[in-house]
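The structure under discussion appears below in the form of structure tokens.
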Amino acid sequence: RAAGLLTLLAAGAGLTQIAAWQAAITLIAAMAALWWTGRIEPRYRFHLAAFRWEVLRPYLASSFTAACAQAIGGIYWQMPQLLLGFVGGTAWIAQYHIAQKFPLTALAVAGRSAGALFPAASEHERTQDLASLREVLEVGTRWLMVLALPLCLVLLIIAPDLLRAWLGEAPPSTVLVLRLTAATVLLDALAEAPMDVLYARGLTKAFVGAFVAFTLCSIGLGLLLLSREGLAGAAWGLFLSMACGSFTLLHVAARACQARAFPLLRATFTGLLRPSAACACATLAVLQAAPGSWPAVIGASLAGGAAYACALYAWGGRAEELAFAEQFLRSPS
């Protein structure tokens, strides 16, 4: 994908050619995935066959609800740009989109990392094992925080230097949007495990309704704050609505597992203070070398991540996290 884009740009191609290449490479990737799946397990090889309605019928309701939740989630993250287009035009949209780029990459990392939570929660729901379901909620929330915290913390610190290295300037409003979006991504990671647990328990209406409420809250707050805060007003609306939504979902999921939210939060963040402080100190120290340059931004990000990992391994890690780290360190040999 990247090689094709670079080739097209070097050849002076326009947006139509670039979009066509994106579509083509996506189709190639999908066909390759189907072929590889069939090679791994011949029973799942793609082929034409008669449509079997009875196979799909039991799952249509939950599938439709999940699709609605995903669509509303997409609207939630893109709604600020729509509001900015009405109020400030394309200039505000461009600034906001640029500021969101790196935090949304961290969001994708957290989302991918949550892939194992739903199958685990579903398995324990089928056996009505609430103790194991609570464990999935606790371990999942902790795991996503351990992963998302250094990513978002580094973005909060390097925001002005990152924009200066990328664009040549760092407008205060764009820096604030980047930082607020990074904080929103961290809150979203906090809500990921509760959503998977609620979905596994069949409480899909709960989090779909919550998504609708958060989206409407974000729109209302965004419109209210745009007139006062300008470009950053939309990001404030997103952050405040996500803060309310994440803690609400965590509370509802904890009650569904017959647990309490505050002990769960305490267990989630226990031991993460010193790794976070080490990450912040290392990031700031490297940034002082050459502020606003790509080497400093990249070096600060790597140093912050390494300091966080080392401090977590030395002081803040739980037993399963240390076991995972030792397995990871042994994997090259």
Side-chain angles (χ1 to χ4, degrees), residues 65-111 144-145 148-149 151-160 162-163 166-167 169-192 194-195 198 205-252:
T65 307
C68 289
Q70 187 173 10
I72 296 168
I75 294 170
Y76 176 82
W77 283 101
Q78 299 304 321
M79 185 56 68
Q81 297 188 50
L82 182 62
L83 297 178
L84 289 169
F86 283 124
V87 176
T90 55
W92 275 17
I93 294 177
Q95 289 183 59
Y96 191 89
H97 182 73
I98 287 169
Q100 272 195 316
K101 268 296 181 185
F102 287 94
L104 290 185
T105 303
L107 177 67
V109 172
L144 290 173
M145 279 297 101
L149 187 57
L151 296 174
C152 296
L153 183 58
V154 167
L155 284 172
L156 283 167
I157 295 171
I158 69 170
L162 175 60
L163 290 173
W166 188 17
L167 306 175
E169 59 178 351
S173 57
T174 310
V175 172
L176 182 56
V177 169
L178 197 158
R179 284 174 165 162
L180 285 171
T181 307
T184 307
V185 166
L186 187 64
L187 290 170
D188 183 86
L190 186 66
E192 190 70 41
M195 284 192 293
L198 289 173
K205 291 181 180 179
F207 68 80
V208 170
F211 263 127
V212 172
F214 306 156
T215 304
L216 293 176
C217 181
S218 174
I219 294 171
L221 287 171
L223 287 172
L224 180 66
L225 295 171
L226 273 174
S227 58
R228 298 182 58 186
E229 304 293 333
L231 178 67
W236 274 114
L238 202 69
F239 170 74
L240 293 173
S241 60
M242 181 61 78
C244 297
S246 295
F247 291 111
T248 300
L249 283 171
L250 189 67
H251 174 71
V252 173

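- When all heavy atoms of V175 and A159 are compared, the closest pair comes out as CG1-CB, 4.0 Å.
- Here the OG1 atom belonging to T181 is positioned 12.5 Å from the NZ atom belonging to K101, to the nearest 0.5 angstrom.
- Using a 4.5 Å cut-off on side-chain heavy atoms (C-beta onward), M145 and L186 make contact.
- Remark: the backbone N or O of F214 is not paired with any side-chain donor or acceptor of S218 at under 3.5 angstrom.
- For the atom pair SG of C217 and CG of L238, the computed distance is 10.0 Å after rounding to the nearest 0.5 Å.
- Partners of Y76 by ring pair (Phe, Tyr, Trp, His ring centres under 6.0 Å), not counting sequence neighbours: none found.
- A donor-acceptor contact shorter than 3.5 Å is absent between the side chain of T174 and the backbone of A170.
- L187 contributes atom CG, which lies 11.0 Å from atom CG of L250 (distance to the nearest 0.5 angstrom).
- With rounding to the nearest 0.5 angstrom, the CH2 atom of W236 is 9.5 Å from the OG1 atom of T184.
- A99 approaches L178 most closely through the heavy-atom pair O-CG, 3.4 Å.
- In this structure the side chain of L190 never reaches within 4.5 angstrom of the side chain of L144, judged on heavy atoms.
- Rounding to the nearest 0.5 Å places CG of D188 at 5.0 Å from CG of L107.
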Determine all donor-acceptor pairs shorter than 3.5 Å in which one atom belongs to a side chain in residues 77-94; sequence neighbours excluded.
from	atom 1	to	atom 2	distance (Å)
Q78	OE1	Q81	NE2	3.0
Q81	NE2	Q100	OE1	3.1

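- Between R179 and P160 there is a side-chain heavy-atom pair separated by less than 4.5 Å.
- Considering every non-hydrogen atom in both L221 and G237, the closest pair reads CB-CA, 3.7 Å.
- In this structure, CG on L249 lies 6.5 Å from CG on L198, to the nearest 0.5 angstrom.
- At a threshold of 4.5 Å between non-hydrogen side-chain atoms, the residues I219 and L223 count as touching.
- Between A106 and L155 the shortest heavy-atom distance is CB-CD1, 4.4 Å.
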